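Before any comments, here is the structure.
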Protein chains: 2
Amino acid sequence: MDGSGEKKPAKRRSQERVLQRDPERTRAAILEAATREFAENGMGGARVDAIAERAGTNKRMLYHYFGDKEQLYLHVLEEAYVGIRTAERELHIGDRSPEEGIAELALFTWRYFLRHPEFLSLLGTENLHRARWLRQSVRLKELHSHLIVELTEVLDRGKKTGVFIDAADPLNVYLTIASLGYFYISNQYTLSTIFGRDLADPGNLDAWERHIVHVTLASIKA
Amino acid sequence: MDGSGEKKPAKRRSQERVLQRDPERTRAAILEAATREFAENGMGGARVDAIAERAGTNKRMLYHYFGDKEQLYLHVLEEAYVGIRTAERELHIGDRSPEEGIAELALFTWRYFLRHPEFLSLLGTENLHRARWLRQSVRLKELHSHLIVELTEVLDRGKKTGVFIDAADPLNVYLTIASLGYFYISNQYTLSTIFGRDLADPGNLDAWERHIVHVTLASIKA
DNA sequence: CCATCAAGTAACTGTTTGGTTACTGACCGG
DNA sequence: CCGGTCAGTAACCAAACAGTTACTTGATGG
């Protein structure tokens, strides 16, 4: 839950007692509480009071650290993007065969989405508002290029060895992977309701995971 | 429910002048205004005052016809589902070859999504709330079965003639088509921002349309 | 031509909301 | 051990909000 174990300011007194005043912990608690609140209720539905209460603090601190509701929301969104892109960097999809690389990226993306529904939710909220806050972000210029660069390289290797078609486009491949994962998870509630099948059932989740890999590879195989 | 339409005795006067008092028109205006307001702002962000103003009426009428904000929202959502499923019924995807049938469904779905972004937006909002209102709906039980029935039949024909693989599942095929269309359109704002390519550009839209058909068929072809 | 009743209006109400103010108390250098 | 600084608290405020009340307007049947 809390991140009290990480990176203390080193100037700790010899005794280990819990501080009543811990700026970093309070800040982190607000950010985490805000992530949940925004993910569950969207921008319009999120309540500042609820965030403060969830964080075990009060509104004054929230405004102290983040300015206002909108800036707090932007921090949450940026942090969420940093989260997936950071995890993605540790993949090294170019280490094995091109086909295994693509399959690995597809699996990673699906599983990341599955474990971080709050990320999908935040994306949905941000898109509802036509990227109004994301476009103001200055932290996110170079964050996403790494993915495309690495994906381009893997696809090019596959094209040279003749396993991928020449028309395979890096962005299209990523959008395909992301589409299949995003829609299934973020829309599971309406889909389960109207089609009468529980999409969250482990068996169905497994089947869809295999489906994503199969579809992605089938769409670019020579 | 309310049954406002049933007792209309069609006793219109000979002159065709526009009525100042027109219940059906007012009701329809509220529903359309609400559709836009909910689609643009979500459930939490939508304002009852804004809906009344957009409809050219006032809140009293809105509460008169629809009860409260939540019931109005449910009406909007139901109407949106009726819209796509009604248009879908006129497709008759079984009339041509199985491959053409699937391609036709994919094209229809993509183009419908493209022309009705408010439908995608409403789905996003409803899923944010885990289908809270949709599950209460009594009008939507039999609405969606037609699609699956017809799709099953097309796939079965394709399997018999050997053009489709046996593993092709109707729901999975539809989810694939819907995923690729939904994600591209509903997430275009964040995607265009982070990847620096305008996804709404006509050339890119056309390319994605062809991509959807290609991917869908590639994933089920024998 | 008037009684009736539904359509339509606008001002109002109690509550919730984002944001602020005035204050308390823990920590640290000198 | 004192005083300034800043994390933290709670009461507060004006605006915005969903929903209501009291009222007016206009079509229509008798």
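Atom set for the values below is all heavy atoms of this structure, side chains included, hydrogens, waters and symmetry mates excluded. Since this is a predicted model, take the numbers as computed values, not measurements. Proteins come first, then strands; the chains are lettered A, B, ... in the order of their sequence lines, and each starts at number 1.
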*Could you state the atom-to-atom distance from CZ of B:Arg27 to P of C:dG8 in whole Å?*
13 Å
*When A:Tyr81 is tested against each of A:His144, A:His116, A:His75 for ring pair (Phe, Tyr, Trp, His ring centres under 6.0 Å), which residue passes?*
A:His144
_Nearest to side-chain heavy atoms of A:Met61, which nucleotide of D:dA18, D:dG8, C:dT9_ = D:dG8
*For C:dA7, does OP1 or OP2 lie under 4.0 Å from any side-chain N or O of B:His64?*
yes
*side-chain hydrogen bond (donor to acceptor under 3.5 Å, both in side chains) evaluation trace for B:Thr35 with B:Glu118*: CA-CA 7 Å; B:Thr35 301; B:Glu118 79 286 352; over 6 Å; no
*asked:* Without decimals, in angstroms, what is the distance between B:Lys69 NZ and D:dA18 C1'?
replied: 8 Å
*Euclidean distance, A:Asn127 CG relative to B:Leu191 CG, rounded to 0.5 Å*: 6.5 Å
*Take atom CG of A:Asp68 and atom P of C:dT17, then tell me their distance rounded to the nearest Å.*
18 Å
_Rounded to whole Å, please give me the gap between CD in A:Gln71 and C1' in C:dG19._
13 Å
*Report the distance from atom CD of B:Glu24 to atom C1' of C:dA6, rounded to the nearest whole Å.*
14 Å
*Spacing of CZ belonging to B:Arg54 relative to CD belonging to B:Glu40, to within rounding of 0.5 Å*: 4.0 Å
_Tell me whether the count of non-hydrogen atoms from other residues, nucleotides or ligands lying under 6.0 Å of CZ in B:Arg85 goes above 12._
yes
*Hey, can you pull the residues of residues 40-60 of chain B with a non-hydrogen atom under 4.0 angstrom from DNA chain C?*
B:Thr57, B:Asn58, B:Arg60
*D:dG19 P sits how many Å from B:Leu62 CG, rounded?*
9 Å
*Tell me whether the OP1 or OP2 atom of D:dG8 has a side-chain N or O from A:Tyr65 closer than 4.0 Å.*
yes
*asked:* Tell me which pairs pass ring-ring contact (aromatic ring centres under 6.0 Å, His included) where either residue lies in residues 35-64 of chain B, with sequence neighbours left out.
replied: B:Phe38-B:Tyr73
